Amino acid sequence: MKKTDFNRDWSVQKEGNPDIRRVNLPDDAMLREMRSAEARSGSAGAFFDGGRYFYRKVWNIAEEQINKTMILEFEGVYQNASVSLNGELLARWPYGYTNFFVDVSGKVVSGKNELVVVADNSLIPNTRWYSGSGIYREVQLYTGGKEYIHPEGVKVTITGRNQIKVQVDAQIEESSTIVIEVLDQSQVIAKAEGKAASITIPDAKLWDAEAPYLYECRAIIVHAGEVADEACANFGMRTLAWGKEGLSVNGKPVLLRGTCIHHDNGVLGACDFKDAETRRVRIMKEAGFNAIRSAHNPISKAMLDACDAQGMYVIDETFDMWLVHKNPYDYAGETFKQWWKADTEAMISKDYNHPSVIM
């Protein structure tokens with residue numbers, strides 16, 4: 001599917017406040033709140049107030065586009081998100097750290113459409129660290145026809161030092177085929193057909209923290225000799241093993257020199273900017289680290305890309321709590337019981353192709 005940046009020209013308004021602010025995403029609404037020693041968020045929340053925030057975007061769609069397949073991806077909304085289009089509630093997503101998709105196919109109309117995303121971070125304290133508020137990670141729009149490859153639909157499994165298995169999640173007609181290509185520095189070096197295929201990579205270059213070599217996998221839907229859709233995913237060739245000797249990567253023993261990082265970017269608040277994540281990984285590499293643990297929630301796609309490219313092992317963490325609350329309004333208890341599976345599946349799907357993720 002065609003991936004389009006959907007981060008420009010939003011507005012945000014806090015419930016109970018008449019002021020409307022024009023913003024581009026990512027946006028951390030908590031940074032604009034008042035601070036006081038009496039704030040319920042306490043020191044962990046930097047003494048900011050919480051709130052309920054209404055994000056709106058007017059979306060103009062041409063007549064010839066309304067029958068397309070359209071899927072929105074929200075990489076992170078803190079928290080208790082609800083998504084409505086033209087007054088119709090389409091999705092809810094409580095957890096603030098996992099990405100989720102909203103299919104708006106058949107819901108859009110020709111001309112003006114209004115998308116409303118509510119981020120409800122009004123009940124605090126709900127975390128042991130600075131959370132931020134609002135749509136603090138990017139939003140993407142995926143557009144395709146009747147035949148399309150689902151977002152995150154190309155999954156690459158490393159089955160050996162030069163062997164991979166590729167699975168493609170796609171909607172296709174019986175007369176169509178899927179061509180899978182492996183690219184090295186933009187050059188096709190291997191090819192196969194089908195929704196699932198085993199591929200040998202000639203003279204495979206391995207990925208590790210010292211030499212983070214990346215390949216690209218491209219899946220193409222071919223219908224009547226024409227390209228109906230395509231999708232790409234980066235991956236790295238590496239094998240992992242654990243045993244009496246500890247951890248080994250590509251058959252070599254590795255000691256993790258690690259640290260824990262939270263999702264925020266200091267004075268930038270919770271906003272997840274690619275440049276900021278790249279800078280963080282660079283600084284940690286220069287300081288001698290080769291591993292990070294995401295504290296205490298799924299890490300962003302931008303951070304994973306930076307870790308893949310620069311060579312950093314990642315332990316991605318799902319939750320800070322399960323059934324027992326650490327704060328009065330956190331994710332634990334009934335919310336966890338209802339949503340843990342969907343959130344875990346979302347994290348695994350997000351992480352699947354990233355060689356940096358080892359655990």
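Remember, it's a predicted structure, so these values are computed and weren't measured experimentally.
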Where do V179 and V222 come nearest, in terms of heavy atoms and distance?
CG2-CG2, 4.0 Å
Is it the case that one hydrophobic cluster holds both Y97 and W93, taking links as side-chain heavy atoms less than 4.5 Å apart, direct or via other members?
yes
Side-chain ion pair, K301 and E75, N-O less than 4.0 Å
no
For the pair D27 and R32, find out whether any cationic side-chain nitrogen is under 4.0 Å from an anionic carboxylate oxygen.
yes
Exactly one candidate in N121, D330, N327 meets side-chain hydrogen bond (donor to acceptor under 3.5 Å, both in side chains) with N126; the answer is N121
Around atom CD1 of I283, are there more than 12 heavy atoms from other residues, nucleotides or ligands closer than 6.0 Å?
yes
Can you tell whether the side chains of R293 and E317 come within less than 4.0 Å, N to carboxylate O?
yes
Heavy atoms from other residues, nucleotides or ligands near CH2 of W129 exceed 12 (cutoff 6.0 Å)
yes
Got a sec: does the CH2 of W339 have more than 12 other heavy atoms crowding it under 6.0 Å?
yes
Looking at every heavy atom in both E33 and D49, which two are closest together, and how far apart are they?
CG-O, 3.3 Å
Over 60° means perpendicular and under 30° means parallel, so tell me whether Y331 and F336 are parallel, tilted or perpendicular.
perpendicular
Which is it for V168 and I149 under the side-chain contact (heavy atoms from CB on, under 4.5 Å) test, yes or no, and what are the steps along the way?
CA-CA 7 Å; V168 182; I149 299 168; 4.0 Å; yes
Salt bridge check: are K195 and D169 linked by an N-O gap of less than 4.0 Å?
no
Residues R128, D320: salt bridge by 4.0 Å N-O rule:
yes
Are there more than 12 heavy atoms of other residues, nucleotides or ligands under 6.0 Å from atom CG of D203?
no
For a quick test of reading the model, state the closest non-hydrogen atom pair linking Y78 to G96 and the distance between them.
CD1-CA, 3.7 Å
Salt-bridge contact K57-D9 (side-chain N to carboxylate O under 4.0 Å):
no
Minimum heavy-atom distance between H223 and A228, given as atom pair plus value
CB-CB, 4.3 Å
For the residue pair R35 and F48, would you count it as a cation-pi contact if the rule is NZ or CZ under 6.0 angstrom from the ring centre and within 45 degrees of the ring axis?
yes
Under 3.5 Å: donor-acceptor pair, side chain of N7, backbone of E138:
no
